Amino acid sequence: DGQVTIDGKVTVTNIYTAPQPVEIALGVTKYMTTETGKKTDFNNSRFEFNLKSIGDAPLPENTAAYTVSANVSSERVFFDKIKFTEDVGSQKMVYEYEISEVVPESPSGQIIYSTETIRAEVTVSKDENNKLRVDNVQYYSNGAPVDEGAITNVRISIPKTSDANAEQAPIYLAAML
C-alpha cells in the first residue's frame with residue numbers, strides 16, 4: 001500500500017515505474033533520375049545516409065544506412081530502430097532528426113549528389129497504461145512538410161571523347177534537389 005508506520009508516524013513511499021519504451025525506425029527514399037527528370041536505375045551504385053539528432057533526441061547505435069538494391073530507380077532505406085525511454089509525463093515530446101546523404105570522397109563523375117537535408121520530427125506520448133507511443137512522424141523537405149523523406153540524385157550523360165585512350169577527369173557537382 002506504500003505506507004509504513006514507525007513510532008506512530010505515517011511515512012508515505014512513492015514507487016516510480018518507468019514507462020515501457022517504444023521503438024521506431026526512421027527512413028528516407030532514394031531516387032535516381034536523369035537530367036530530364038526521368039527515373040533511371042542506380043546502375044550498381046551504393047548510397048550511404050547519415051542520421052543526426054537535433055538536441056537531446058536519442059539515436060540508434062548505428063547512425064548510417066545504405067541502399068542494398070543495385071538496379072532500381074528508387075529504394076526506401078531505414079536506419080536502425082531508435083529506442084525512446086524518456087518519461088514524457090502527461091505531455092507530448094517532439095524529437096528532431098536530420099537525414100542526409102553521405103557524398104563519397106571520390107564521387108562518380110556521372111552523378112550529381114543531393115546536398116539536401118531531410119528533417120524528421122517524432123512525437124512521443126505516454127498512454128494510460130504507462131507505455132510510450134509514437135503519435136506522429138513528420139518529414140520536412142526544404143522546410144515544408146512531406147509524406148516521406150526523399151533524396152534524389154541525378155545521373156548525367158558525359159559525351160564520349162573521340163580519342164579512346166584519353167582519360168576523362170571526374171566531375172563533382174553538388175546540387176540542391
Side-chain angles (χ1 to χ4, degrees), residues 22-84 92-124 134-177:
V22 65
E23 295 181 334
I24 187 170
L26 294 177
V28 66
T29 301
K30 174 69 181 168
Y31 290 99
M32 181 68 76
T33 66
T34 64
E35 298 156 287
T36 61
K38 180 181 173 189
K39 289 183 180 177
T40 186
D41 69 33
F42 288 176
N43 199 23
N44 293 319
S45 298
R46 183 175 177 197
F47 301 98
E48 179 182 354
F49 302 89
N50 188 42
L51 179 66
K52 177 182 163 187
S53 70
I54 298 174
D56 294 331
L59 283 168
E61 188 173 312
N62 181 9
T63 58
Y66 304 89
T67 56
V68 293
S69 301
N71 292 309
V72 296
S73 62
S74 69
E75 180 180 345
R76 187 83 177 149
V77 178
F78 289 96
F79 293 93
D80 289 350
K81 289 183 178 181
I82 301 167
K83 187 174 189 176
F84 296 93
K92 293 183 180 192
M93 182 73 82
V94 177
Y95 299 94
E96 295 180 276
Y97 298 89
E98 289 181 344
I99 301 170
S100 59
E101 182 170 14
V102 177
V103 177
E105 288 184 27
S106 299
S108 164
Q110 293 184 302
I111 298 176
I112 300 173
Y113 286 86
S114 173
T115 57
E116 180 177 10
T117 297
I118 302 296
R119 198 174 93 242
E121 290 182 355
V122 179
T123 305
V124 176
V134 174
D135 292 326
N136 188 45
V137 176
Q138 180 64 62
Y139 292 94
Y140 294 87
S141 176
N142 295 317
V146 292
D147 291 336
E148 67 176 3
I151 293 178
T152 302
N153 288 352
V154 178
R155 184 175 306 284
I156 59 173
S157 354
I158 298 177
K160 295 184 180 189
T161 62
S162 58
D163 182 2
N165 295 325
E167 283 193 32
Q168 193 164 346
I171 301 170
Y172 176 158
L173 303 169
M176 262 325 250
L177 300 175

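Remember, predicted model here, so these are calculated numbers, not experimental data. Computation of the quantities below employed the complete heavy-atom set of this structure, encompassing side-chain atoms and omitting hydrogens, waters and symmetry-equivalent molecules.
Taking every heavy atom of both residues into account, Ala25 and Phe78 meet most closely at O-CD2, 3.9 Å. For the residue pair Tyr139 and Gly27, the shortest heavy atom distance occurs at OH-N, 3.1 Å. Lys92 and Asp135 make their closest contact through CE-OD2, 3.5 Å (heavy atoms, listed as atom of the first residue, atom of the second, distance). Taking every heavy atom of both residues into account, Ile118 and Gly149 meet most closely at CG2-CA, 3.7 Å.
In summary, Arg155 and Glu35 do not engage in a salt bridge, as defined by a charged side-chain N under 4.0 Å from a carboxylate O. Salt bridge annotation for Glu48-Arg46: absent, with no cationic side-chain nitrogen under 4.0 angstrom from a carboxylate oxygen.
Aromatic pair Phe47/Tyr66: ring centres not closer than 6.0 Å.
Residues Glu116 and Ser100 bring no donor and acceptor atom of their side chains to less than 3.5 Å of each other. Side-chain atoms of Thr29 and Arg76 include a donor-acceptor pair closer than 3.5 Å. Side chains of Lys30 and Asn153: a donor on one and an acceptor on the other come within 3.5 Å.
Counting non-hydrogen atoms of neighbouring residues, nucleotides and ligands closer than 6.0 angstrom, the CG atom of Asp147 reaches no more than 12 such neighbours.
Between Phe84 and Tyr95, the two ring planes are tilted [angle within 30° to 60°].
One distance of note links CG of Asp80 with CG of Leu51; it measures 9.5 Å at 0.5 Å rounding.
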